[in-house]
Structure formats: structure tokens, C-alpha cells
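The next block holds one structure in the form of C-alpha cells; read it before the comments.
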Amino acid sequence: MDSPKTIDELMVRAESMSGRSIGEIAQLMQIEVPASLTRKKGWQGQMIEKFLGADSGNLSQPDFSLLDIELKTLPIDYNGKVLESTYVCVLNLYNNLDDETFGCWQLSAVYRKLQHVLWVPVARTAGQSVTEFRVATPFLWRPSEAEMHLLKMDWENAIELVSLGKIDQLNARDGEVLQVRPKAANSKVLTRTTNRQGQLIETLPRGFYLRPQFTQQILAQNLKLS
DNA sequence: GGATGATCATCC
DNA sequence: GGATGATCATCC
């Protein structure tokens, strides 16, 4: 599918998925559905990207580059409860002190990606096959000033610890809405960072994630509007 | 039962 | 390894 040229075009495509099962959408695209997501964790998100014509691949930029919109699928149950946190992007641990943009929120990948998001909630229940998962109502979201402030606070706190070489003090308990958790193939993967003395060391790669309570509120706001 | 830390697939 | 896409699995 070509990349959509306008927001309207994107939303028409997104809305065409509403109420359809994953099996139906996969069939339209002639893609085989895995029996389980255990070994295909990103499969659903990538299928929906393809269906909507996302064009960024694995570049570090919003999925729809022309529109500057990021796509996120959101796993929910049939009561509308958010089931998982939402991965945003990697946390750059290699803080080059010469890089004055390192601590700049508005230049960060988190800001860039979250300033405009197309959420595609997908409902599922335990024991259900992936084919039976069902797309709920996709919606566009821009963080409110208050939401943006919360994100910025959490982001700045994380970045400050990294800048000080205190990545070891940063864990998933930090951050009101945006947290930092491991993001790697396994716990033995290493990436470069610096310690308190500014020496180069290696540590586990981390990523930024939105807490489920936060995305739950985003979902609730949208339900009120529709 | 929810949250934290661990892990899986793919592309380059 | 590092980016994309995330969910799994264990702990508390």
C-alpha cells in the first residue's frame, strides 16, 4: 500500500479496519496469521503498518513521514482495559558531552514520536487465537499541555541521570507516565555509556515506555469524544 | 493481578 | 549492535 498523502486518507484507511478481526485484515492482505504472538511479538503492529502504508521502516522517525504521525497499536481486553505498556523508542545512553542537543526535549525522539499518534486499539482475550483479535476504533491523539508536561518531566529526569552517569539508579519504578525498561534481545546485550567518572562502560540497552495507566487515560478521553 | 525485568523476530 | 515492531514471564 502506498503511503497516505493526507491525514484524511490515513484515517479513512484506519477506520476501514474498525470492527474487523485480525484474521479478516490479514486475509485482505493475503498474509498468514501466526498461531501465537509469543514468537511473533511485533507481527500485529507490522501488519497494521503495512495495511496503512507506513513508510519509515526501522528509521528513527514517525511511521508516516509525510504526515509526521506515529502509529501505535494498543492491546486492550474486551472491556477496554489496556493490557501492556507502549514502547516508544530507545534511550540513547551514549551521552556525548559535546552534544548540546542531548538534553533538549523538543529534539528528542520521544517528543518527535509522541507529538502526534494514531492509536489502533486491538481487543483480545486470554486463550483467543490471533485471528480472532479485533480492531476497535482507531483515533488520532496529540498530548495536551498537561500530558506533554508529564512526559517532559519524566524524560528530563531519565536523561539527567544518564548525563550524570547514573544509569544504574534508573529503573522501571521511575517515571509517572514514561518509564525506562530494558530493550534488548536478552539481559546479556551491552551498549556503551559513561559512568560517574565519565569513563566508558557497557550496560544493558534501555527503552522508553508509556505506562498502561497513561494510555488508559488517552483511550478514555477518546471514548468521551466519540 | 499488576508491574518490572526479560525476551522474540526482522532488517540492516 | 541498534533500530523497528512489541509481548512474555516472573516477581512481589
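Below, read A as the first sequence line, B as the second, and so on, with proteins coming before strands; counting in each chain starts at 1.
- Within a 6.0 Å radius of NZ in A:K5, other residues, nucleotides and ligands contribute more than 12 heavy atoms.
- Residue A:L83 is out of contact with every strand shown, counting any heavy-atom pair closer than 4.0 Å.
- Residue A:T86 is out of contact with every strand shown, counting any heavy-atom pair closer than 4.0 Å.
- Note that A:K152 lies outside the cation-pi zone of A:Y111, set by a 6.0 Å cut-off to the ring centre and a 45° limit from the axis.
- Boundaries of the chain A contact region on DNA chain C are C:dG1 to C:dC8, first to last in 5' to 3' order (nucleotide atom under 4.0 Å from a heavy atom).
- Across all strands shown, A:K188 has no heavy atoms under 4.0 Å from either base or sugar-phosphate atoms.
- Counting any heavy atom pair closer than 4.0 Å across all strands shown, A:G42 reaches a base atom.
- Note that the CD atom of A:E147 and the CG atom of A:L178 stand 13.0 Å from one another [nearest 0.5 Å].
- Using a 4.0 Å heavy-atom criterion, one finds that A:Q61 contacts no nucleic acid atom at all.
- Looking at heavy-atom distances under 4.0 Å, A:K50 makes no contact with the nucleic acid at all.
- The residues A:R134 and A:E132 are annotated as not salt-bridged, no charged nitrogen and carboxylate oxygen being separated by less than 4.0 angstrom.
- The residue A:Q213 sits close only to the backbone: its heavy atoms come under 4.0 Å of sugar-phosphate atoms, none of a base.
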